Structures are given as C-alpha cells and as structure tokens.
Amino acid sequence: MTGLHALPPRWEQLVDDLEGLVVVELDEAAAEGAPWPELGVQLVVTVTLQDPDPDGQPYAEEHAVLGRWREALVRALGANGRLVATLTADGVREHVAYVRDPELVEAWADAPPPGLGSHEAQVALVPDPTWLGLREIAGRLEDGEEPLVLPV
C-alpha cells in the first residue's frame, strides 16, 4: 500500500442537512486520490445498533463500543487495507474499507474479536478496483456511473 499507506487520513464529518446529524465520516485524503489500485476489494462491516435513538443514531455508551469496533478494524487491516468511511443511519453503523486481503476480517461475521460487546456484524466483500463505492459516498461519481451494489 505504498501510495495510500504513506498518506495520512483526513477525516471529515458529513452532516445531514435536515437534521444536523453527523451520519458519515469520510477520509477525504483517500477519496481525493481514489482509486488506489493496490486495494481492489471493498469491505463493509455492518454493525447493528442495540439501542438506537429515535434518529437511528447510537447513544453515548453504545457510541463508545462502536468506536472500539472501528479501532479493532483499523488494527486488523494494518498495512493491508484502509478504513475510508463510517456511515450511521437507521440503526446500523457501516465501516467501509478497501483491502488487499479480505481474509483479514471475514471471520468477524461469525465471531468478532473479544471486547467488542454482543453486537451482531455482517461482513460484505465486493471487488471494486475503481473505488466506485467510496466515490459514491463522497459524491464524486462521474456521469453515467451506476452505484456499487453490495451482495445481499
């Protein structure tokens, strides 16, 4: 991950215009340089919130647990991937990363690492060599490009 690994993340919060909620955190440094061909697989780890507020967002205690999920994912990826976005809406938090080796976190769907609480997770992997998924999140799709479809 020579190019992207050397580039420090630059996290930006995107706010829901109507509600004023932070629902997306985006690594603008990765988005601006996308695609990064050495990482051609999009990984999405979706964690279902146990007790979302009326807006589908976590309360403070659960937010802290979700932060530990994020930290554990970043550690697991190491130099073999990059967390590029976190989306929270409708009672779920999605951690979006791009990876070289998907086996790093495939097992999380069945048994997440210890210390991450009793949350359930789903893991989706989809080839995305053009980083279409991140460019969609960042609002940078080109004319005629269709959004990335994740497996169900």
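It should be emphasised that the depicted structure is a prediction, and the values quoted were computed from it without experimental measurement.
Between the side chain of Glu62 and the backbone N or O of Gln50, at least one donor-acceptor pair lies under 3.5 Å. Remark: the backbone N or O of Val99 is not paired with any side-chain donor or acceptor of Arg82 at under 3.5 angstrom. Judged by distance alone, with hydrogens and angles left aside, the side-chain atoms of Asp128 form a donor-acceptor pair with the main-chain N or O of Gly133 at under 3.5 Å. Between the side chain of Trp36 and the main chain of Ala30, a donor-acceptor pair closer than 3.5 Å is present.
Looking only at side-chain heavy atoms (C-beta outward), Thr88 and Pro58 come within less than 4.5 Å of each other. Side-chain contact check for Val96 versus Leu87: some heavy-atom pair is nearer than 4.5 Å. Counting heavy atoms from C-beta outward, Leu43 and Val126 have side chains that stay 4.5 Å or more apart. You'll find the side chain of Val23 stays beyond 4.5 Å of the side chain of Asp55, heavy atoms only. Looking at heavy atoms from C-beta onward, Thr46 lies out of side-chain contact with Arg93 at the 4.5 angstrom threshold. Considering only heavy atoms from C-beta on, Leu66 comes within 4.5 Å of Leu49 through its side chain. Looking only at side-chain heavy atoms (C-beta outward), Glu38 and His5 stay at 4.5 Å or farther from each other. Inter-residue side-chain proximity for Leu83 and Asp27 is flagged as unmet; no heavy-atom pair is nearer than 4.5 Å.
A cation-pi arrangement is found for Arg70 relative to Trp11, the charged atom lying closer than 6.0 Å to the ring centre and inside a 45° cone about the ring normal.
Scanning both residues, Tyr59 and Asp51, for their nearest heavy atoms gives CD1-O, 3.2 Å. Between Pro129 and Pro35, the shortest heavy-atom distance links the atoms O-CB, 3.5 Å. When all heavy atoms of Leu26 and Ala85 are compared, the pair lying nearest together is CD1-CB, 4.2 Å. Leu7 and Ala29 make their closest contact through CD2-O, 3.5 Å (heavy atoms, listed as atom of the first residue, atom of the second, distance). Of all non-hydrogen atoms in Leu77 and Ala97, the two that sit nearest each other are CD1-CB, 3.7 Å.
The side-chain hydrogen bond (donor to acceptor under 3.5 Å, both in side chains) test applied to Glu28 returns Arg140, not counting sequence neighbours. Listed by chain and residue number, Arg10 satisfy the side-chain hydrogen bond (donor to acceptor under 3.5 Å, both in side chains) test with Glu32 (two or more places apart in sequence, or in another chain).
Here the straight-line distance linking atom CD1 of Ile137 with atom CD of Glu25 works out to 12.5 Å at 0.5 Å rounding. Taken from CD in Glu145 to OG1 in Thr130, the straight-line distance is 6.5 Å, to the nearest 0.5 Å.
A distance below 6.0 Å separates the ring centres of Trp131 and Tyr98.
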**OP:** Take Val44 and Val123 through the side-chain contact (heavy atoms from CB on, under 4.5 Å) test and state the conclusion after the steps.
**Re:** CA-CA 6 Å; Val44 179; Val123 175; over 6 Å; no
**OP:** Evaluate the side-chain contact (heavy atoms from CB on, under 4.5 Å) criterion for residues Val47 and His95: first the C-alpha distance (whole Å), next the side-chain angles of each, then the deciding distance (0.1 Å), finally the verdict.
**Re:** CA-CA 8 Å; Val47 181; His95 302 278; 4.2 Å; yes
